[in-house]
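See structure below.
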Amino acid sequence: MQESYLPEQVERDTQAYWEQHQSFRAVEDATKEKFYCLAMFPYPSGRLHMGHVRNYTIGDVISRYQRMQGKNVLQPMGWDAFGLPAENAAIQNNVPPATWTRANIDYMRTQLKRLGLGYDWSRELATCNPEYYHWEQWLFTRLYKKGLVYKKTSPVNWCPHDMTVLANEQVVDGRCWRCDTTVERKDIPQWFMKITAYADELLDELDNLSGWPEQVRTMQRNWIGRSAGVDVVFTIAHSGEPLKVFTTRPDTLLGVTYLAVAPEHPVAQRAAKKYANVAAFIHDCAQVGTAEAVVETMEKKGIDTGLLAVHPITGDHLPIFIANFVLMGYGEGAVMSVPAHDQRDWEFARQYGLPVRQVITPIDATQVDLRVRAFTDKGVLIHSGAFSGMTSAQAFEAIATHLQKQHKGSKRTTYRLRDWGVSRQRYWGAPIPMINCKKCGVVPVPDAQLPVVLPEDVKFDGVASPIKKMAKFYKTTCPQCGGAAQRETDTFDTFMESSWYFARFTGPDNQRGMLDKRADYWLPVDQYIGGIEHAILHLLYARFYHKLMRDVGLVRSAEPFTRLLTQGMVVAPTFYRETMDNKKTYFGPADVHENCDERGRAVSAVLKRDGDAVRLGNIEKMSKSKNNGVDPQQLINEYGADTARLFIMFAAPPEQSLEWSDAGVEGAFRFLKRLWRIVYEHVQAGSAVAIQPAVLTDKQRILRRQTHETIRKCTDDMGRRFTFNTAIAAVMELLNAVSKFDDDSDQGRAVVRETLAATVLILAPIVPHIAHQLWQALGHDQPVLQAAWPLADDAAMVRDTVEIAVQVNGKLRGRIQIASDADRKQAETAALAEENVKRFLDGKAIIKVIVVPGKIVNIVVAGP
RNA sequence: GCCCGGGUGGUGGAAUUGGUAGACACGCAGGACUUAAAAUCCUGUGGAUAGUAAUAUCUGUACGGGUUCAACUCCCGUCCCGGGUACCA
């Protein structure tokens, strides 16, 4: 054993050992309990950042911990390789997205290997490979035949200057990020998957996902947003045409004072033909992107169409407005407005001088002032004819029934969840396997012609997808009639690939099918780990996809991920400069020098390169687009992978977001050096005998007790709570105790040997390289990788006395030592006898005494 | 706007079921070792007051209220920060 800790050498040797022994190769074995541990695969952006290090270290720690519990562990890794950044790089640097992406993968793979992550690399996959997306295309054509896939028009962000579709990220303050042109909404035909057909199951199954954080389940519930409501049919005066709206508050129907329709609604279009100002308003409404956050925060505007609607119950004539916040395609594209009982309607009515008609009054009959705001709670109906006096709940049923009888409405369950639009007008994605034939219409590509391979040798001569102009790609023959036909040139949303990769890892070499029986050995994933930013979209799509695969007979389970750990983001400051045309250029934290105030907060910053000021942005998740990722490479080069892993795990519990700072890395490194030295000095002094518990001295017993208490705590922290930071802290305390323990006797050394062995075993999942070496040094023939997790011995943890706190009126006044088996009476007597406590009881009447065994005694006295 | 989180010393964080706030670590200060430095080791470290000191008292978990014998923890309200918001992944 080396005297000093040389991480580079330790890590090189250990990794060579793993490589040589194929230590992480996962093999299906029906006789062993399996554990499939998966961390969300990365987008190959170029280099790892600290968020990756955190994500993959957590996964590796859990994998290694489970392995020490005797499980047959699968931990794979792959690449979410399609996506927008590759196209941006292609446009900027004139390099094909495939080339750029594969180079990034190669570099990032070496970085992951350097971190010592125990992956079964034989299962590696990249979603941009035809062998992968082949099966996604295959499934899509199956779903088309099942009626779960359809085409409809839907709005996109359109840049009229670049003549291209923009992602929401490419729209900055309503303008194109490249040319600063105001973005427009434009309707184009796109493919959709019927996720709403699974809405009930996706919602109801959340109740059974007990291994998921409640927070994530709540977010998904709200996102799916099942609500009961009523379709209400108004009619347009004069023409008598129906105008359907949906409401979750039919009890307020008698309070409707106007209707509002989307600018794209046929009623609005008709009014536009008649009135120039209406046409201008509609044109105005389209000058905004499609993002919900933008639509919901923009100024609410409307215009009167001049048309009137007839109320289905009262027959009143109500104005029909066009409103910029009503969206075509969500629901009916038209809403009924009840200013008295909906805050947005109230504000709109006030702005345009529309009447406010109260029809609900609070149950407790308190006064409501509708001049101040809308009253949005449920209550009792007034001014509602035959329905007056009913509660909101009663009126819901009564009004729905009434409308149904009159054929003017019916009850309906709706979802906030919308069908999944999977078409992208981009190049770097999996081609949608559909053919458009003039004669036969849409025809799916037959199985024998799959995969539809994306041409990789392309040049970007503009910003548009090159395959849209590539006849070689899109010209084809119709599989049905044999005539000339065109391929779909749109590609899939990249969420398609990430929705089933977890399943493909069970058999990535399968050339004949999407999945095989290995899937049912490994699935579902026992532990999934990834950023909280994926709480809704990715995790919901993956759940949906899993059910789709189940329903075509590929898997048996209903849900893909049994337990979910959502790690908090690693966030970092952003720095940018703004040009005259509002374009922002972001600079990495490594290229910037921050000036801090006396409290350590950054107040200004300059670019190191030129010394000129840059602006401070928000502190955000590390990302390519904001250029605020911190590359772990320097850290690893300087201190080694174990220090990097230990530091990131010690910095905070995994679910908490973490503002990046490398202050404290030294501490992690110091700890490993200390551990190495203590083990070195211990083994240099010779071997150790077996512990004889009966003959131990008090000090020996105390150290041994702390060892076993630490094992117990760390087992809970690492196996159940996932609070690796507190497990590490407990091990640090244990090591502090060992260095204070000065006893060279045989039994003294035996106790130290046991403590050091436990320390190495507990740390093995976190710092596997140093643990591998130290385990050998402590005299074990088997590698630590094959060692079992240590067991806490109850007999070693027995305590004779415990310290408990004594409070008077809830304030701490003293501490007492009492026998650990003392009863309440004994604890109370001891507490009352404590000197400082007696001072506070002096001359006061004791009202009661609360005893919490093993914790606290609180004496409640009268008076001040 | 809406949905979901978070806010504790100079810093990262601990307090697991309502029961001793600040474990562990960083930083800082002082000391030991050294010709010196690095490394290492030891001691102290929320704020205030009193005391030579041991120690004691008051105060303190974003802010304002409340429940309770007892609140970082539960409830109501406010502010600030982060994530998502369906084409960033």
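Chain letters run A, B, ... following the sequence lines, proteins first, then strands; residues in each count from 1.
Here the side chain of A/L658 is nearest to one of B/rA89, B/rG12, B/rG19, namely B/rG12. Side chain of A/P85, nearest nucleotide from B/rA89, B/rC58, B/rU16: B/rA89. Picking from B/rA86, B/rA15, B/rC69 the nucleotide with the shortest atom distance to the side chain of A/I850 gives B/rC69. Closest approach to the A/F650 side chain among B/rU57, B/rC69, B/rC24 is made by B/rC24 (side chain taken as heavy atoms from C-beta onward). Comparing atom distances between the A/M732 side chain and each of B/rC58, B/rA25, B/rC4 picks out B/rA25 as nearest. Nearest nucleotide to the A/M219 side chain, out of B/rA86, B/rC69, B/rG83: B/rG83. Picking from B/rC24, B/rC4, B/rA89 the nucleotide with the shortest atom distance to the side chain of A/N222 gives B/rC4. If you check B/rA14, B/rG27, B/rU20 against the side chain of A/I856, the one that comes closest is B/rU20. Listed candidates were B/rA86, B/rC24, B/rU16. Nearest to the side chain of A/A729 is B/rC24. In this structure, of B/rA86, B/rU16, B/rG13, it is B/rU16 that holds the atom nearest to the side chain of A/R720.
As judged by a 4.0 angstrom heavy-atom cut-off over every strand, A/L84 is placed among residues touching the sugar-phosphate backbone only. Counting non-hydrogen atoms under 4.0 angstrom, A/H538 reaches nothing in the nucleic acid. Within 4.0 Å of A/F671, counting heavy atoms only, lies no atom of the nucleic acid at all.
B/rU35 makes up no base pair with any nucleotide shown, lacking Watson-Crick or G-U wobble contacts both under 3.5 Å. Pairing for B/rG82 goes to B/rC4, judged as Watson-Crick or G-U wobble with the two contacts each under 3.5 Å. Figure legend. B/rU67 is base-paired to no nucleotide; pairs are counted as Watson-Crick or G-U wobble with both atom distances under 3.5 Å. When both pairing distances are held under 3.5 Å, B/rU73 makes no Watson-Crick or G-U pair with any nucleotide shown. Across all strands shown, B/rU55 is found opposite B/rA50 as a Watson-Crick or G-U wobble partner, with both distances under 3.5 Å. Base pairing analysis places B/rG9 opposite nothing; no Watson-Crick or G-U wobble pair with both distances below 3.5 Å involves it. Across all strands shown, B/rU20 forms no Watson-Crick or G-U wobble pair with both key distances under 3.5 Å. Base pairing of B/rC88 is not made with any nucleotide, judged by Watson-Crick or G-U wobble geometry with both donor-acceptor distances under 3.5 Å.
The base of B/rU40 has none of its N or O atoms less than 3.5 Å from a complementary donor or acceptor on the side chain of A/R677. Within 3.5 Å, no donor on the side chain of A/K811 pairs with an acceptor on the base of B/rU20, nor the reverse. No hydrogens or angles were tested; on distance alone, a donor-acceptor pair under 3.5 Å links the side chain of A/E292 to the base of B/rG1.
Taking 4.0 angstrom as the limit, A/N736 places a side-chain polar atom (N or O) nearer than this to OP1 or OP2 of B/rA25. Of the side-chain N and O atoms in A/R416, none sit less than 4.0 angstrom from OP1 or OP2 of B/rC2. Remark: A/T494 is in phosphate contact with B/rA89, judged by side-chain N or O atoms under 4.0 Å from OP1 or OP2. Distances shown here put every side-chain N or O of A/K673 at or beyond 4.0 Å from the OP1 or OP2 atom of B/rA39. Taking only side-chain nitrogens and oxygens, A/Q656 comes nearer than 4.0 Å to OP1 or OP2 of B/rG13. A/R815 has no side-chain polar atom (N or O) that falls below the 4.0 Å cut-off from OP1 or OP2 of B/rG19. An OP1 or OP2 oxygen of B/rU57 is reached within less than 4.0 angstrom by a side-chain nitrogen or oxygen of A/R813. Distances shorter than 4.0 Å separate some side-chain N or O of A/N168 from OP1 or OP2 on B/rA86. In this model, the phosphate group of B/rU57 is approached by a side-chain N or O of A/N836 to a distance below 4.0 Å at OP1 or OP2. Checking the phosphate oxygens (OP1, OP2) of B/rC41, no side-chain nitrogen or oxygen of A/R670 falls inside 4.0 Å.
Atoms OH and CG, on A/Y415 and A/L203 in that order, are 7.5 Å from each other to the nearest 0.5 Å. To the nearest 0.5 Å, atoms NZ (A/K300) and CG (A/N324) are separated by 7.5 Å.
Counting to the nearest Å, the C1' atom of B/rA23 and the CZ atom of A/R721 are 12 Å from each other. What separates CG of A/L672 from P of B/rA39 is a distance of 17 Å, to the nearest Å. The distance from atom CG of A/L734 to atom P of B/rA25 is 12 Å, rounded to the nearest whole Å. The interatomic distance linking A/I536 (CD1) with B/rG84 (P) rounds to 10 Å, in whole Å. In this entry the distance linking CD1 of A/I847 with P of B/rA70 reads 11 Å, nearest Å. At whole-Å resolution of the value, CZ in A/F647 and P in B/rG13 are 10 Å apart. When the P atom of B/rA86 is taken as reference, atom CE of A/M193 falls 19 Å away, rounded to whole Å. Summarising the geometry, the separation between CZ on A/R424 and C1' on B/rA89 is reported as 12 Å, rounded to the nearest angstrom.
Residue whose closest nucleotide on RNA chain B sits further toward the 5' end, between A/Y541 and A/V571: A/V571. Each of A/I188 and A/D716 was matched to the nucleotide of RNA chain B holding its nearest heavy atom; the match closer to the 5' end belongs to A/D716.
For B/rG64, the glycosidic angle deviates from 0 by more than 90°, giving an anti base.
Heavy atoms from other residues, nucleotides or ligands lying under 6.0 Å from NZ of A/K151 number more than 12.
The separation of B/rC76 from B/rA86, taken at their P atoms, amounts to 30 Å, rounded to a whole angstrom. Spacing between B/rG9 and B/rC63 at atom P, rounded to whole Å, works out to 10 Å.
Salt bridge status for A/E828 with A/R824: absent, with no side-chain N to carboxylate O gap under 4.0 Å. Between A/K838 and A/E835 a salt bridge is recorded (basic side-chain N to carboxylate O distance below 4.0 Å). We find that A/E214 and A/R221 are joined by a salt bridge, their nearest charged nitrogen and carboxylate oxygen being less than 4.0 Å apart. With salt bridges taken as basic N to acidic carboxylate O contacts below 4.0 Å, one links A/R799 and A/E709.
Here the closest heavy-atom approach between residue A/F647 and residue A/W660 is recorded as CE2-CH2, 3.6 Å.
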For a quick test of your reading: what N or O donor-acceptor pairs under 3.5 Å do the side chains of residues 532-541 of chain A make, sequence neighbours left out?
| from | atom 1 | to | atom 2 | distance (Å) |
| --- | --- | --- | --- | --- |
| A/H538 | NE2 | A/Y528 | OH | 2.7 |

